[in-house]
Amino acid sequence: MARTRFEIVEKEQYSEDVYRLKVTAPLVPTLAKAGQFIIVRVDEPGERIPLTLMDWKAEEGTVEMVFQAVGTTTDKLSLLGIGDCLQDVVGPLGKPTEAREFGRVACVGGGVGITALYPIARALVEAGNDVRVLLGSRDRAHLILLDRMEALGAPVEVATDDGSMGIKGFVTTLVKDAAQQWKPDRVVAVGPVPMMAAVSSLTRGYGIPTVVSLNAIMLDGTGMCGTCRCEVGGETKFSCVDGPEFDGHQVDFDLLTARLGVYRDEEEKSRKRFAPMADSYHHPCH
Ligand code: NAD
Ligand code: FES
C-alpha cells in the first residue's frame, strides 16, 4: 500500500519565529472539528509534537497549522519548504470544542494561541452565538490571523503590550471591560499560560464560565503515556483525551507551568546540538 504523503503545499512566515504551514493529510480534514489537534513527527528519529488544527479543507485534503520555532523539532519544521514532507501527521485528536448556542461569547486569544482560537471562534459564530473576539499581542507586527478573525463577521478588539495597535496593555484589559459592560455568558481563552490563568482569575470574580485550551507536553496523544497529565478540580486529567479544553476556574495553572518546564534543560541541549546542522537540514518526500 502506498504511504500517505504529508507534503507541504504552502508556507508563510508570520514573524521571526512564527510560521504557517498547509500540509496534505487526506483523512484528517474529513473528521476534524474545532478545538482538536494533530501530532506531528518531522522526521523518522524525531519527537512527536502536538499542534492545534488552525484550519482544514476536506475537498483539498489539507490541514493548516501555525507554530513557533522554540526547540529542535519546531526549528526543523521551520526549515522545511514547499514540496518537503513531514514524516507523520496523526489526528484529529482531543475532544472538539463545545460549540452550541450559549448567547454572548467572548473569544480571547493571546500571541500564538490566536491560531488555536480561530476555529473555535468560527464554530461558535456558526452555532449562532453573539461572539466578540478579543486579541492580545506584544505588538502590531506579531498579531496573527487578524484578517481571518475579521472575516468571521464578529467584532474584533485588539490590545498590544506596546500600544502599537488597539489599546495599550494586556488582553485582560479588554476582558475586564467586556465583563463589566457587555457581560458575556461564556469566555473561551487560548494563549500563554499566564494569560489563561489571568483571564480565568478575572472571570471567576464575575461568575462567567470560562474555558481554556491547555498546551501540555504530549507524547502519544491517545491517553496511554500520562505525559500530558494536568490537574482540574483536584482530579488528574489527560489533556489529550479529556481535553485540551477545560474549565479555566478549575485548572491548576501552577502545576501546568511546572510541567511545561520539566524538559527545558534537555530541550536547550538538543537545540544547541542541532544548530550546526540546521543549514543542511531538509526532509524531502520519499
Ligand atoms: P506573548 O507572551 O507574546 O503574549 C501574548 C499576549 O498574551 C500578550 O500580548 C498579552 O495580551 C497576553 N498575556 C501574556 N501574559 C499575560 C499575563 N500575565 N496576563 C495577562 N495577559 C497576558 O505570547 P506568545 O509568545 O505569542 O505565546 C506563546 C505561548 O502561547 C507559548 O507559551 C505557547 O505554548 C502558547 N500557546 C498556547 C496554545 C494553546 O493551545 N493554549 C497554542 C499555541 C501557543
Ligand atoms: Fe500521552 Fe496524553 S499525551 S496520555
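If you're wondering where the values come from, they're calculated on a predicted model, not measured in any experiment. Whatever order the structure lists ligands and atoms in, that order sets their numbers, starting from 1.
Proximity to A198 (heavy-atom distance under 4.0 Å) selects the following atoms of ligand 1: 19 (N), 20 (C). Less than 4.0 angstrom separates some heavy atom of S213 from each of these atoms of ligand 1: 39 (C), 40 (O), 41 (N). Per-residue contacts place V171 under 4.0 angstrom from the following atoms of ligand 1 (heavy atoms of the residue considered): 11 (O). Ligand 1 places these atoms under 4.0 Å from at least one heavy atom of G110: 5 (C), 6 (C), 7 (O). Those atoms of ligand 1 with a heavy atom of S137 less than 4.0 angstrom away are 9 (O).
On the SG-SG cut-off of under 2.5 Å, C228 and C240 do not qualify.
Considering backbone and side-chain atoms alike, G169 places every N or O at 3.5 Å or more from each N or O of ligand 1.
Enclosure of atom NZ in K11 by more than 12 non-hydrogen atoms of other residues, nucleotides or ligands within 6.0 angstrom is indicated. Atom CE of M224 sits in a sparse spot, with 12 or fewer heavy atoms from other residues, nucleotides or ligands closer than 6.0 Å. Residue R140 places its CZ atom among 12 or fewer non-hydrogen atoms of other residues, nucleotides or ligands, all under 6.0 Å distant.
Regarding atom 13 (N) of ligand 1, its nearest protein heavy-atom neighbour is M195 CB, 3.5 Å. Atom 44 (C) of ligand 1 has as its closest protein heavy atom G113 N, 3.8 Å. Protein heavy atom at the shortest distance from atom 33 (C) of ligand 1 is N215 ND2, 3.6 Å. Looking from atom 9 (O) of ligand 1 to the surrounding protein, the closest heavy atom is D161 OD1, 2.7 Å.
In this comparison of P192, G109, G35, the heavy atom closest to atom 23 (O) of ligand 1 sits on P192. Closest to atom 40 (O) of ligand 1 by heavy atom, among I144, V175, V190, is V190.
Ring pair Y14/Y19: centre-to-centre distance not below 6.0 Å.
Ligand 1 is approached by M196 to a heavy-atom distance shorter than 4.0 Å. Ligand 1 is never approached by A159 to a heavy-atom distance shorter than 4.0 Å.
For atom 1 (Fe) of ligand 2, the tally of protein N/O/S atoms lying closer than 2.8 Å stands at 2.
Judged purely by distance below 3.5 Å, without hydrogens or angles, the side chains of T210 and S200 never pair a donor atom with an acceptor atom. When only modelled atom types and interatomic distance are considered, T24 and E7 share no side-chain donor-acceptor pair under 3.5 Å. Between the side chains of Y206 and Q180, at least one donor N or O sits under 3.5 Å from an acceptor N or O. Donor-acceptor pairing under 3.5 Å is recorded for the side chains of Y281 and D43. Side-chain atoms of T203 and H249 form a donor-acceptor pair, as typed in the model, at a separation below 3.5 Å.
If you chain together hydrophobic residues whose side chains sit under 4.5 Å apart, L86 and V90 never meet in one group.
The pair R264-E266 fails the salt-bridge criterion, with no side-chain N (NZ, NE, NH1 or NH2) lying under 4.0 Å from an Asp/Glu carboxylate O.
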